[in-house]
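Notes to accompany the following structure.
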Amino acid sequence: MKVIKSSREIREWSRTQQQKGSSIGFVPTMGFLHKGHLSLVQKARALSDKVIVSIFINPTQFAPNEDLDNYPIDLEGDLEKCRAENVDVVFIPHKNEMYSDFHQTYVINQEIGQLLCGQTRPTHFRGVTTIVAKLFNLIDPDFAVFGQKDAQQSIIIKNMVRDLSYRTQIIIEPIVREEDGLAMSSRNKYLSPRQRKNALVLSQCLKFAENEFKRTGRDINNLEKEIKNRIGETPDCKVDYVEFVNEASLTKKFVPGDKVLLALAVFVGSTRLIDNTVLTY
Ligand code: PAF
């Protein structure tokens, strides 16, 4: 497995593989890899001749009051996990490699990026689209694999690929959960044992909504209220949002048969966790 740190070298490596006729699968990450990331790597491995994983804690997707400086890092562990998954290249650029001191150009999603997470994190998605566009420009992958846990991010990336004419096929893989239901996330590391236990309210509310949707139909307003109450009554937990939205548009417009995304963002202590499920209207 090769470790590449420079933009020039990753571009050259990717072009050489393409000239040889090899397809490239790409998994962008911010490191501190868990089984959720590894499921994305396995998908990329199954689809492509060569697999690149990037590890870059992207400063532009963090607001000044967020956890950029404390974001968990385990580079040695990440490299070991990538090696075990037969990854061909891990791209670990330094911040200066990706952003010059004069950086001033961003890729912005005009509408969807302002909904859901965009309400509390108004600059987050422009950071995500900008870094993913830069990585796609360097690597030009055939496939790029993202996780359904970041459902809004996945939709925004698909929109970016369509709108800016990237040739990369975007693959979305299911959420990977701990045995007790907690969605895997690098940020789970911040939780104390008590918060970790209380954080189960997210997956429990999603299960509850899935059952209620089947049992009673589509009473979204009542379900939304009930879920907010359940989370609000759980110690350490504060609702950021609980939203039922159209999975394709993220709007509140549904017709029977549409896929409905139930998306949650909850502060557990000071850690903001997200989770979601998809229901049929
Ligand atoms: O999902 C993530 O970890 C990040 O948002 C991504 C896609 C690697 C961009 O920094």
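Order of appearance sets the numbers: ligands from 1, and atoms from 1 within every ligand. Quick caveat: nothing in here was measured; it's all calculated off a predicted structure. These values consider heavy atoms only, across backbone and side chains, with no hydrogens, waters or symmetry-generated copies.
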Which donor-acceptor pairs under 3.5 Å do side chains of residues 52-62 form with protein atoms, sequence neighbours excluded?
| from | atom 1 | to | atom 2 | distance (Å) |
| --- | --- | --- | --- | --- |
| Asn58 | OD1 | Thr60 | OG1 | 3.1 |
| Asn58 | OD1 | Tyr99 | OH | 2.6 |
| Asn58 | ND2 | Thr60 | OG1 | 3.3 |
| Asn58 | ND2 | Gln61 | OE1 | 2.8 |
| Asn58 | ND2 | Gly127 | O | 3.0 |
| Thr60 | OG1 | Tyr99 | OH | 2.8 |

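Environment of NZ in Lys189: sparse, with no more than 12 heavy atoms of neighbouring residues, nucleotides or ligands closer than 6.0 Å.
Scored by the side chain to side chain donor-acceptor pair (under 3.5 Å) test, Ser23 finds Asp49 as partners (sequence neighbours excluded). Residues that satisfy the side chain to side chain donor-acceptor pair (under 3.5 Å) test with Glu212, not counting sequence neighbours, are Arg215.
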Applying salt bridge (Lys or Arg N to Asp or Glu O under 4.0 Å), run through Glu80 and Arg83 and close with a yes or a no. CA-CA 5 Å; Glu80 215 166 281; Arg83 223 170 266 123; 5.7 Å; no
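The closest donor-acceptor contact from the side chain of Asp88 to the backbone of Met1 lies at 3.5 Å or more, if one exists at all.
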Please give the N or O to N or O pairs under 3.5 Å between ligand 1 and the protein, distances rounded to 0.1 Å.
| from | atom 1 | to | atom 2 | distance (Å) |
| --- | --- | --- | --- | --- |
| ligand 1 | 1 (O) | Gln153 | NE2 | 2.9 |
| ligand 1 | 5 (O) | Gln61 | NE2 | 3.0 |
| ligand 1 | 5 (O) | Gln153 | OE1 | 2.7 |
| ligand 1 | 10 (O) | Gln61 | OE1 | 2.6 |

